[in-house]
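Numbering of ligands and ligand atoms starts at 1, following listing order.
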Amino acid sequence: MAEIDAQPFAFGFKLDTLALVVIDMQRDFAEPGGFGASLGNDVSRVTAIVPTVKKLIEGFRDAGLPVIHTMECHRADLSDLPPAKRNRGNPSIRIGDVGPMGRVLIVGEPGTAILDELTPLPGEIVIEKPGKGAFYATSFGDDLRRLGAQQLVFAGVTTEVCVQTTMREANDRGYECLLAEDATESYFPEFKAAALAMIRAQGAIVGWTATTDQVLQGIA
Ligand code: TIU
């Protein structure tokens, strides 16, 4: 068993059962004019972690380990978008409306795309998910089983919404989960801090946290 120096204690893993899951690093959450901004958020916090997420992704690629990307998005006909989700949050532009980067969070639209710097490589799994969690209504669980993954490292946005939801779903399914502290971000620093604390509380009740450098040292 290899180890990553982590909180609340060392994270044990095997190199052939470890995968990286990068959650929703999409233009709609990171750029002005997107969904995140339409909710009234300062998206520069998200933009700031892009180099760190890139470093983490490249470390996994260099080690020959799987990298899985997720995207929060919906079908053009909105058939997978419950009205309760569409109307939530009172955004200036709702999901499915036409915004400065095309229809907000709709498959194939410019704003829905993963940021250029973090574009998935051919062959990397990309999960298009209608929910906040990556397991709901997707092939994510089957993909992880096919890969033989047992331990998951998480990065992406936002810490307390799609990242934490997916980590909790994964934890309940028996995966050991570690969140890269500096490769995840929230629009609210206090929410990020609370999410990290909740995840690793009570002896890693949902999972572990570590810095990107600690993760990369562990897999080197
Ligand atoms: N990806 C993700 O977290 N979706 C959100 O809507 N997050 C917010 O924090 N709004």
Side-chain angles (χ1 to χ4, degrees), residues 20-50 52-53 56-57 67-75 78 80-97 99 101-107 109-115 117-118 120 125-138 140 152-171 177 179-196 198-199 206-207 209:
L20 174 64
V21 183
V22 183
I23 304 280
D24 300 1
M25 288 302 293
Q26 298 163 249
R27 295 182 66 200
D28 257 319
F29 296 111
E31 293 186 13
F35 181 63
S38 83
L39 291 166
N41 297 310
D42 171 10
V43 292
S44 66
R45 297 185 56 80
V46 171
T47 319
I49 66 162
V50 173
T52 311
V53 178
L56 186 60
I57 290 173
V67 178
I68 302 168
H69 309 257
T70 73
M71 303 171 70
E72 182 172 351
C73 56
H74 296 273
R75 295 184 197 132
L78 308 186
D80 59 356
L81 176 61
K85 180 176 180 185
R86 185 163 197 231
N87 296 329
R88 193 82 51 78
N90 200 22
S92 55
I93 310 170
R94 293 180 305 172
I95 297 172
D97 290 348
M101 295 191 288
R103 291 183 70 198
V104 172
L105 290 184
I106 299 299
V107 175
E109 296 288 329
T112 308
I114 290 175
L115 293 165
E117 302 93 312
L118 307 177
I125 295 167
V126 180
I127 303 290
E128 296 180 347
K129 63 180 183 64
K132 302 304 184 191
F135 287 87
Y136 170 66
T138 72
F140 188 46
L152 305 175
V153 172
F154 285 89
V157 296
T158 62
T159 315
E160 78 282 10
V161 182
C162 291
V163 176
Q164 184 173 214
T165 302
T166 303
M167 273 188 82
R168 287 175 180 272
E169 289 181 330
N171 182 58
C177 301
L179 177 55
E181 297 158 15
D182 50 355
T184 185
E185 195 47 89
S186 168
Y187 300 121
F188 306 91
E190 67 275 24
F191 287 178
K192 175 178 175 176
L196 292 174
M198 282 188 273
I199 284 164
V206 177
T209 74

Under 4.0 Å from a heavy atom of Val157: which atoms of ligand 1 are those, numbered in the order shown and with their elements?
1 (N), 2 (C), 3 (O)
Where is the nearest protein heavy atom to atom 4 (N) of ligand 1: which residue, which atom, and how far?
Glu72 OE1, 2.9 Å
Any donor-acceptor pair under 3.5 Å linking the side chain of Lys129 with the backbone of Cys162?
no
Looking at atom 6 (O) of ligand 1, what's its closest protein heavy atom, distance included?
Lys132 NZ, 3.0 Å
Can you tell whether the side chains of Arg103 and Glu109 come within less than 4.0 Å, N to carboxylate O?
no
Under 3.5 Å between any N/O of Asp24 and any N/O of ligand 1: does that happen in this structure?
yes
Taking atom 2 (C) of ligand 1 as the reference point, the nearest protein heavy atom with its distance
Cys162 SG, 2.8 Å
With sequence neighbours excluded, what pairs up with Phe191 under the side-chain contact (heavy atoms from CB on, under 4.5 Å) test?
Glu160, Ser186, Phe188
Exactly one of Thr47, Asn41, Asp42 should register a side-chain hydrogen bond (donor to acceptor under 3.5 Å, both in side chains) with Ser44. Which one does?
Asp42
Between Leu39 and ligand 1, which residue portion shows a heavy-atom distance shorter than 4.0 Å: side chain, backbone, both, or neither?
side chain
Report the part of Thr158 in contact with ligand 1, treating N, CA, C, O as backbone and CB onward as side chain, heavy atoms under 4.0 Å; options are side chain, backbone, both, neither.
both
Please report the closest heavy-atom contact between Glu31 and Val43, naming both atoms and the distance.
C-CG2, 3.8 Å
Considering all heavy atoms, the nearest Phe29-Glu72 contact
CZ-OE1, 3.5 Å
